[in-house]
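Before any comments, here is the structure.
Worth saying up front: this structure is predicted, and the values here are computed from it rather than measured.
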Amino acid sequence: MKRIFSDYAYGPGPRNNCWWDETIATPIWPEQSGELQVDVAVIGGGFTGLSAALHLAEAGASVALLEAESPAWGASGRNGGFCCLGGSKLSAQAMRRKFGTQATATYEAGEEAAVALVADLLTKHGIQADTHSKGETRLAHGPRALKAMAREAAALKAAGEEVEFLQRHQLADAGLNGEFHGALTTPVGFGLNPRKYLFGLAQAAKDAGAQLFQNSPALRIESPGNLLLVTTPKGAVRSNQVIIATNGYSSDDLPHWLSTRYMPTQSTAMVTRPLSEAELQAQGWFSDQMAYDSRNMLHYFRLMPDRRFLFGMRGGLIASPRNEAAIRRKLRADFESLFPKWSEVETTHCWSGMVCLSRDLVPFVGAIPDHPGLFAGLCYHGNGVAMGSYAGRLLADLTQGKTPDLPYSKVMQQLQKFPFGAARRLVMPPAYALLGMIDRLSA
């Protein structure tokens with residue numbers, strides 16, 4: 001594989017001590033071997049790949065899914081479990097300027113449909129994923145951020161949106177008390193255990209007839225004849241179409257078109273021991289709301305049903321044992337700064353994983369240009385629970401030659417190149433520095 005971070009980033013080090021591994025046993029899938037022919041081959045066993053496999057199998061297509069590692073090894077098995085609006089980091093105003101009003105409205109409808117899709121899948125397949133939270137809450141990180149949030153809340157209410165805006169003095173009574181200045185809650189979204197959700201999708205896909213393989217990385221994609229050929233270490237899969245669903249763990253040569261068009265970056269999370277009722281009351285955080293702050297370099301957090309507290313943020317720019325230790329220390333320091341009454345509460349688990357960005361700051365879902373039969377879904381900007389699942393659903397339709405019956409915006413149908421090619425990570429340090437400066441000025 002050809003990847004732009006060090007080998008450490010893609011090895012076991014960053015995901016060691018991941019809390020989700022403790023919550024449900026890992027299923028064992030066979031390894032792909034020998035020759036296999038199917039309608040669609042799916043590369044990647046995360047939310048996108050399993051959603052695509054499930055919906056294809058339910059439509060009667062034959063499917064083989066190839067996971068390079070063990071089930072839930074990548075970002076889908078180690079994320080924060082926020083099923084929420086998102087997928088894009090481009091503001092609605094900027095999106096309208098770039099893509100037009102109608103395309104933006106369609107994309108926004110798709111974000112809501114993505115959350116609804118996950119809720120429907122949980123219900124339809126009886127997946128118990130420890131869900132909680134009525135929507136999502138954003139917390140102002142400073143007085144200026146609060147003023148901007150107040151203006152946003154007023155505009156949303158004037159447009160008929162059901163949102164709740166709280167001033168700083170109201171946060172404690174709402175169970176949202178920390179070093180914040182106000183809050184804005186939207187009613188769409190919920191938290192879940194991502195590993196339980198993922199394995200529920202996997203079982204549903206398997207029950208529908210999809211073939212799932214682990215330890216079966218795609219080494220090459222070729223088109224020697226009428227069918228595409230995906231080579232694995234022990235065999236090969238021939239198919240009419242191939243879906244690439246590898247997001248931040250993509251390889252630059254599968255296919256080469258992808259190599260300059262996605263940017264993996266790290267995110268780091270921790271979980272505390274279960275908090276007592278007295279500890280919750282002392283801090284004044286006892287809400288079940290999933291939340292994040294208003295920084296560009298944001299923190300995300302939620303009190304889970306077992307009363308452990310999950311806290312995360314964007315990770316480091318370099319992947320190594322030394323840098324992993326440093327970002328975990330920084331994460332803990334930020335946690336104690338925002339929730340000072342919990343400074344003595346132990347961290348029991350801490351880990352990192354890869355999210356994925358696009359240059360346009362919007363997801364890509366669609367056919368890969370000039371590569372007949374190849375499709376991809378990636379670049380969810382840290383919001384892959386809903387948007388990754390949705391991308392898989394859209395790709396299931398597209399690979400069958402169907403027009404999706406869910407909102408599918410042209411916003412999602414192009415993927416621009418980053419500058420500097422294989423060295424494109426050079427853009428990240430100045431970008432992070434700029435975003436950090438904006439956060440300080442907007443506080």
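The structure places CD of Gln266 at 8.0 Å from CD1 of Ile327, a figure rounded to the nearest 0.5 Å. Here the CD atom belonging to Gln400 is positioned 4.0 Å from the NZ atom belonging to Lys402, to the nearest 0.5 angstrom. For the atom pair NE2 (His349) and OG1 (Thr272), the distance works out to 11.0 Å, reported to the nearest 0.5 Å. Taking OG1 of Thr185 as the reference point, atom CD of Gln289 lies at 5.0 Å (rounded to 0.5 Å). To the nearest 0.5 Å, atoms CZ (Arg261) and CD1 (Ile368) are separated by 9.5 Å.
The shortest distance between side-chain heavy atoms of Ser409 and Gln102 does not fall below 4.5 Å. Counting heavy atoms from C-beta outward, Leu378 and Leu415 have side chains that approach closer than 4.5 Å. In this structure, Gln214 and Ile28 have side chains that are in contact, with non-hydrogen atoms separated by less than 4.5 Å. Side-chain contact check for Leu156 versus Phe165: every heavy-atom pair is 4.5 Å or farther apart. Residues Met304 and Val271 meet the side-chain proximity criterion, which asks for heavy atoms closer than 4.5 Å.
Put simply, the side chain of Asp293 never gets that close to the backbone of Leu139: no donor and acceptor are under 3.5 Å apart. In this structure a side-chain-to-backbone donor-acceptor pair under 3.5 Å is present from Trp351 to Arg78. With hydrogens and angles ignored, the 3.5 Å screen pairs no side-chain donor or acceptor of Ser216 with any backbone N or O of Ala68. Put simply, the side chain of Ser287 never gets that close to the backbone of Gly175: no donor and acceptor are under 3.5 Å apart. Using modelled atom types, no side-chain atom of Tyr107 and backbone atom of Val362 make a donor-acceptor pair closer than 3.5 Å. In this structure, Glu136 contributes its side chain and Thr186 its backbone to no donor-acceptor pair below 3.5 Å. Within the 3.5 Å criterion, the main-chain N or O of Phe180 finds a donor-acceptor partner in the side chain of Arg168. A donor-acceptor pair is defined here as one N or O able to donate and one able to accept, closer than 3.5 Å; such a pair exists between the side chain of His381 and the backbone of Cys379. Side-chain atoms of His132 come within 3.5 Å of backbone N or O of Asp288 as a donor-acceptor pair. With hydrogens and angles ignored, the 3.5 Å screen pairs a side-chain donor or acceptor of Arg332 with a backbone N or O of Ser343.
Side-chain atoms of Ser352 and Glu324 include a donor-acceptor pair closer than 3.5 Å. Thr104 and Glu108 form no side-chain donor-acceptor contact under 3.5 Å, judged by distance and modelled atom types alone. Between the side chains of Arg195 and Thr26, at least one donor N or O sits under 3.5 Å from an acceptor N or O. Between Gln281 and Glu277, the side chains place a donor N or O and an acceptor N or O closer than 3.5 Å (distance only, hydrogens not considered). When only modelled atom types and interatomic distance are considered, His141 and Asp439 share no side-chain donor-acceptor pair under 3.5 Å.
Scanning all heavy atoms of the two residues, the minimum distance from Leu212 to Lys206 falls at CD1-CB, 4.3 Å. When all heavy atoms of Ala57 and Val63 are compared, the closest pair comes out as N-CG2, 4.0 Å. Scanning all heavy atoms of the two residues, the minimum distance from Phe286 to Arg307 falls at O-NH2, 3.8 Å. In terms of heavy atoms, Cys356 sits closest to Gly248 at CB-N, 3.6 Å. Nearest approach of Gly366 to Leu395, heavy atoms of both residues: N-CD2, 3.9 Å. Contact between Asn383 and Leu85 at its shortest, heavy atoms only, is OD1-O, 4.0 Å.
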Evaluation steps, side chain to side chain donor-acceptor pair (under 3.5 Å), between Thr348 and Arg308: CA-CA 10 Å; Thr348 60; Arg308 293 176 183 268; 3.1 Å; yes
Kindly determine whether Glu164 and Lys134 satisfy salt bridge (Lys or Arg N to Asp or Glu O under 4.0 Å), including the steps that lead there. CA-CA 12 Å; Glu164 181 182 18; Lys134 296 179 180 179; over 6 Å; no
Chi angles and distances behind the side-chain contact (heavy atoms from CB on, under 4.5 Å) call for Lys98, Val411: CA-CA 9 Å; Lys98 186 174 181 65; Val411 168; over 6 Å; no
Give the intermediate values and the outcome of side-chain contact (heavy atoms from CB on, under 4.5 Å) for residues Leu398 and Tyr408. CA-CA 11 Å; Leu398 293 171; Tyr408 178 46; 3.6 Å; yes
Output, in order, the C-alpha distance, side-chain angles, deciding distance and verdict of salt bridge (Lys or Arg N to Asp or Glu O under 4.0 Å) for Arg15 and Glu69. CA-CA 13 Å; Arg15 84 172 320 282; Glu69 303 285 347; over 6 Å; no
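Seen from the ring of Tyr10, Arg3 counts as a face-on cation partner, given the 6.0 Å and 45° thresholds. Remark: Arg424 qualifies as a cation-pi partner of Tyr262 under the 6.0 Å distance and 45° angle criteria applied to the six-membered ring. For the pair Arg302 and Trp285, the NZ or CZ position fails the cation-pi test of under 6.0 Å to the six-membered ring centre and within 45 degrees of the ring normal.
Using cut-offs of 30° and 60° on the angle between ring planes, the pair Tyr249 and Trp73 is perpendicular. Between Phe309 and Phe311, the angle of the ring planes stays under 30°, which puts this pair in the parallel group of the 30/60° scheme.
A centroid separation of 6.0 Å or more is found between the aromatic rings of Trp342 and Phe301. Proximity of the aromatic rings of Tyr380 and Phe47 is defined here by a centroid distance below 6.0 angstrom, and this criterion is not met.
Other residues, nucleotides and ligands place no more than 12 heavy atoms under 6.0 Å from the NZ atom of Lys410.
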